[in-house]
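A quick write-up on the structure given underneath.
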Amino acid sequence: MSAEQPEPKERKTLDDRQKMTELERIRHSAAHVMATAIVKLWPDAQFASGPAVEKGFYYDVELKHRISPEDFPKIEEEMKKEIKANHVFEKITVTREQALEDSKKGRLGALAERPGNPSKFKIGNLEDIPEGEPITYYKSGDFIDLCAGPHVMRTGNVGAFRLTTVASAYYKGDERNPQLQRIYGTAFKNKTELEAYFTMIEEAKRRDHRKIGQEMGLFVIDTEFVGPGLPMWLPKGAAICEELEKLAKETEFAAGYVRVKTPHIAKEKMYKTSGHLPYYAESMFPPLKYDDSDEFKEERAKVFTAWLNAEVQVETLAEPFVKDKLNPALLPKPDHEGKHGDAIRAAAFELVDKGQAISELTTAVAEYRRLDAELEKLKPEIYYLKAMNCPHHHRIFAAEPRSYRDLPLRLAEYGTNYRYEQSGELFGLMRVRSLNMNDAHIYCTPEQFAQEFNAVNDLYLKYFKIFGIEKYVMRFSTSAPEGLGKKYVNEPELWKKTEDMVRQVLIDSKISYVEVPNEAAFYGPKIDVQVWSVIGREFTLATNQVDFAVPKRFGLVYRDKDNTDKTPLCIHRAPLGTHERFIGFLIEHYAGNFPLWLAPEQVRVLTLGEEEPLLNYAKAIVSELRANFVRCEADFGTDPIKAKIAEAEKAKVHTMLVIGGRDMDAGNVSVRLHGKGNLGAKPKGEVITDILAAIKERRA
RNA sequence: GCCAAUGUAGCUCAGUGGUAGAGCAACGGUUUCGUAAACCGUCGGUCGUCGGUUCAAUCCCGACCAUUGGCUCCA
């Protein structure tokens, strides 16, 4: 969102630094070695910062030459020389004055002094070091860098490394600062670990939801005809969507939700009222103009001209009568014609309304007002694609008079939202522009809040159990005082009250959570549930948000026991998030090997041979399963059984039923589970009963 | 949006300044085979789009579109 400011970064204390692991020291040292290599190759290079990060290290550098992966071998070559030279990482403590002076001489992040080429980013870094904290250099060979360390003993301790990518980054992460080239690499103690890391990356790629989704035929993103970030679910992917919807509908029905359905667009007024337009406009698709035809524009232009003429007419007629009534001290700035049109007209209206005006002026004002109203009507109607469902649900709340007896009212909908994510943010199914949201809004009284909020949290935990999601964190996002009126609605007291309320609920329910300030929604605090996919990607899957602001803006009220109207609280919740992200996550979570109830193709019946009686036996099994809504397919073709099995395994079909003469004669089917091999022949009835039970129970 | 890399058949990928190839898939046929692939044949491409350089461009250059990685974790 536009209002977001770059957040001040937490500075690592020296204590934190001493806790750096050996691997982090290796990587941080590798960053220095890389910088040494780069400055040897391009002596004008200016370095900013080069830390160890989760997967390796980077160094930010300003350089005319654009470093590309083609340069990597050259840089790596130089790095190897540095490592072979086995320089000691020597720690030197200096005064601030000394450091500033060396920076000005261009000595920091360099091999020698560079007159006329000061270490400008190091000067900036120096400013961030608090008074009283020692200022240190690390020197390896000729390379000296402003650095708090710690490092490994010698450059030779950087065991195995590889440069990986080049990216861009703003100095200190602030887009107002110069853009630097960020060179990424990774380093390990030895070659074995380095290679294991790259093998791991390769394996992760195999689990990538984009790859598996393609292979299994779950979804497509047709960027040419439909658009980037707008996935379409193929039949097999749609099957997963439907299973998730079924799960949500059952659970929500049991929890007292009622379902609604709303359109995908709404008038501009909706989002002006909700407050989304100022706070959220950049994330919305451009508006749809209802009537943009030439005829309409002509008509509007005609009325506009007449309206302008009427305005001049009113002012000309009124001016002599009102001139001396205008108080020069109170006059606003004159308009572009040097006149006080607004003030004159206002005065003229007053005269007319009091019946003190001459008849020509009365007529002119009447005509002006008529045209003004007509012009208002000729404004093209503007519609927006909905980026969220809440405003529609609010209008459903407003559609009937509500009593406290109706609350809590839980409106649920699988609504499709459209958000204009920036092109660089799009990412497979995980970050898209059309979102199928497992949405609901709970309208309740403050007394009901704790119970409702808890019930929602319980829902999450219930779902996570079904899917075997074990690693997750609840992030409690709160506001920040400086954001009030900008990033957040300006209601300091309500913010405090609601945040306290949510915090209390979290503490009482003993859910472990982390509190993150300055991350709330504009209308209230929220809880995001963060999960990690097996590949290590971090995502916000579910969300649970409190809204104390928007219902008020819509004037939503319920009649309370004391016969007064009160504004309800609203809880926005989406425990399954969106189909897109949730299924993307599930694909990686299960590596495409879905449990039976979710599997796009649950059962495939494979025949051995083509004899009529055998086919009839097999067909009867398919029919029975399909009659029970099992997604069952038949492979009665002439391929050898090995080939049929290979195909079914590749398609990740959950259960394969192999049927040959032997099985038919005994009333059996041979069961084979994907990835688990042959389980042998079992009685037909038993197998079918078990399949149906496993689906019904949503067995893992 | 910004920086970089990538874009060749439905999929995975070769390849070249002189009109493009493999495997799988699809289709046709032969094969009737008990747990991860039996054989033969056929079809399939404006080499992302547009423009430039050239006698000639999929290849060189430029713009655009899309995808991927990064743009948060400070000396």
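- Only the C1' atoms considered, B/G23 is 15 Å distant from B/G44, to the nearest whole Å.
- Within residues 42-50 of chain A, the residues that place at least one heavy atom under 4.0 Å from RNA chain B are, in residue-number order, A/Ser49, A/Gly50.
- Side chains of A/Ile527 and A/Tyr513 form no contact here, defined as non-hydrogen atoms less than 4.5 Å apart.
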Contact letters for nucleotides 40-45 of chain B, in which S counts primed atoms plus P, OP1 and OP2 and B counts the base, heavy atoms under 4.0 Å: ------
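- For A/Glu215 and A/Lys652, the salt-bridge test fails: no basic side-chain N is under 4.0 Å from an acidic carboxylate O.
- Counting non-hydrogen atoms under 4.0 angstrom, A/Tyr137 reaches nothing in the nucleic acid.
- A salt bridge links A/Arg431 with A/Glu425; the closest basic N to acidic carboxylate O contact falls under 4.0 Å.
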Pairs of donor and acceptor atoms involving the side chains of residues 659-670 of chain A, under 3.5 Å and at least two apart or interchain, shall be tabulated with distances.
residue: A/Asp663; atom: OD1; partner: A/Ser670; partner atom: OG; Å: 2.9
residue: A/Asp663; atom: OD2; partner: A/Gly660; partner atom: N; Å: 2.9

Show me, pair by pair, the donor-acceptor contacts under 3.5 angstrom made by side chains of residues 222-238 of chain A, not counting sequence neighbours?
residue: A/Asp222; atom: OD1; partner: A/Glu224; partner atom: N; Å: 3.3
residue: A/Asp222; atom: OD1; partner: A/Phe225; partner atom: N; Å: 3.0

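- A cation-pi arrangement is present between A/Arg182 and A/Tyr58, with the terminal nitrogen or guanidinium carbon under 6.0 Å from the aromatic centre and inside a 45° cone about the axis.
- Atom name P, nucleotides B/A4 and B/U19: the rounded distance is 34 Å, in whole Å.
- One interatomic measurement links the two molecules: OH of A/Tyr170 to C1' of B/C3, which rounds to 9 Å at whole-angstrom precision.
- Comment: A/Arg206 does not engage A/Asp208 in a salt bridge, judged by the lack of any side-chain N to carboxylate O separation of less than 4.0 angstrom.
- The CZ-C1' distance, from A/Phe72 to B/G70, rounds to 11 Å in whole Å.
- Judged purely by atom type and a 3.5 angstrom limit, A/Arg419 uses its side chain to pair as donor or acceptor with the backbone of A/Ala387.
- Of the N and O atoms on the side chains of A/His151 and A/Ser29, at least one donor lies less than 3.5 Å from an acceptor on the other residue.
- Of the two residues contacting RNA chain B, namely A/Glu425 and A/Gly229, the nearest-nucleotide position lying further toward the 5' end is that of A/Gly229.
- Note: CG (A/Asn668) to P (B/U35) measures 17 Å, nearest angstrom.
- Dashed line: the shortest gap from a side-chain N or O of A/Tyr171 to OP1 or OP2 of B/C71 is not under 4.0 Å.
- Among the heavy atoms of the strands, none lies under 4.0 Å from A/Gly680.
- B/G34 and B/C27 have their C1' atoms separated by 28 Å, with the value rounded to a whole Å.
- Side-chain atoms of A/Gln602 and A/His654 form no donor-acceptor pair, as typed in the model, at a separation below 3.5 Å.
- Which of B/G70, B/U67, B/G69 sits closest to the side chain of A/Tyr184 comes down to B/G70.
- Contacts of A/Leu426 with the nucleic acid, taken as non-hydrogen atoms under 4.0 Å apart, involve only primed sugar atoms and P, OP1 or OP2.
- Taking the C1' atoms as reference points, B/U67 lies 11 Å from B/G48, given to the whole Å.
- The interatomic distance linking A/Glu24 (CD) with B/C73 (C1') rounds to 11 Å, in whole Å.
- To the nearest angstrom, C1' of B/U68 lies 13 Å from CD1 of A/Ile221.
- Every pair passing salt bridge (Lys or Arg N to Asp or Glu O under 4.0 Å) that includes a residue from residues 604-622 of chain A is listed here, sequence neighbours excluded: A/Glu601-A/Arg604.
- Evaluation of the side-chain contact (heavy atoms from CB on, under 4.5 Å) rule for A/Leu615 yields A/Thr607, A/Phe636 as partners, not counting sequence neighbours.
- Taking the P atoms as reference points, B/C24 lies 41 Å from B/C64, given to the whole Å.
- Between A/Leu180 and A/Gly660, the residue anchored nearer the 5' end of RNA chain B, judged by the nucleotide with its closest heavy atom, is A/Leu180.
- Taking only distance into account, the side chain of A/Thr223 never meets the base of B/U67 through a donor-acceptor pair shorter than 3.5 Å.
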Pairing pattern in dot-bracket form [Watson-Crick, G-U; both distances under 3.5 Å; | = partner strand] for RNA chain B: (((((((..((((....[..)))).(((((.......))))).....(((((..]....))))))))))))....
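- Rounding to whole angstrom units, CD of residue A/Gln181 and C1' of B/C2 are separated by 13 Å.
- In this view, A/Asn157 and A/Val152, A/Met153, A/Arg154 satisfy the side-chain contact (heavy atoms from CB on, under 4.5 Å) rule, not counting sequence neighbours.
- In this model, the phosphate group of B/G34 is not approached by any side-chain N or O of A/Arg672 to a distance below 4.0 Å at OP1 or OP2.
- Of the residues in residues 637-657 of chain A, A/Thr638, A/Asp639, A/Pro640, A/Ile641, A/Lys642, A/Ala643, A/Ile645, A/Ala646, A/Glu649, A/Lys650 come within less than 4.0 Å of RNA chain B through at least one heavy atom, sorted by number.
- If you check distances only, the side chain of A/Thr164 never reaches the base of B/G69 with a donor-acceptor pair under 3.5 Å.
- In summary, A/Asp145 and A/Lys122 engage in a salt bridge, as defined by a charged side-chain N under 4.0 Å from a carboxylate O.
- Evaluation of atom-type donor-acceptor distances gives a pair under 3.5 Å for the side chain of A/Asp663 against the base of B/G34.
- The OH-C1' distance, from A/Tyr59 to B/G70, rounds to 19 Å in whole Å.
- Using cut-offs of 30° and 60° for the angle between ring planes, the A/Phe427 and A/His209 rings count as perpendicular.
- A donor-acceptor pair under 3.5 Å links the side-chain atoms of A/Lys139 to the main chain of A/Gly141, judged by distance alone.
- Judged as a side-chain contact (heavy atoms from CB on, under 4.5 Å), and not counting sequence neighbours, the contacts of A/Thr165 are A/Tyr184.
- Nucleotides B/A36 and B/G41 are separated by 27 Å at their P atoms, to the nearest Å.
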Annotated protein contacts, base or backbone, on nucleotides 4-12 of chain B with a non-hydrogen cut-off under 4.0 Å, one of B, S, - each: SS-----S-
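- Under the rule for a ring-ring contact (aromatic ring centres under 6.0 Å, His included), the partners of A/Phe121 that lie at least two apart in sequence or sit in another chain are A/Tyr171.
- Phosphate contact (OP1/OP2 of B/U68, side-chain N/O of A/Arg210, threshold under 4.0 Å): present.
- Nucleotides B/U42 and B/C3 are separated by 48 Å at their C1' atoms, to the nearest Å.
- The interatomic distance linking A/Met430 (CE) with B/G70 (P) rounds to 13 Å, in whole Å.
- Annotation: B/C47 and B/A57 have their P atoms spaced 12 Å apart (nearest Å).
- A/Glu101 and A/Arg107 are not joined by a salt bridge, as no carboxylate oxygen comes within less than 4.0 angstrom of a charged side-chain nitrogen.
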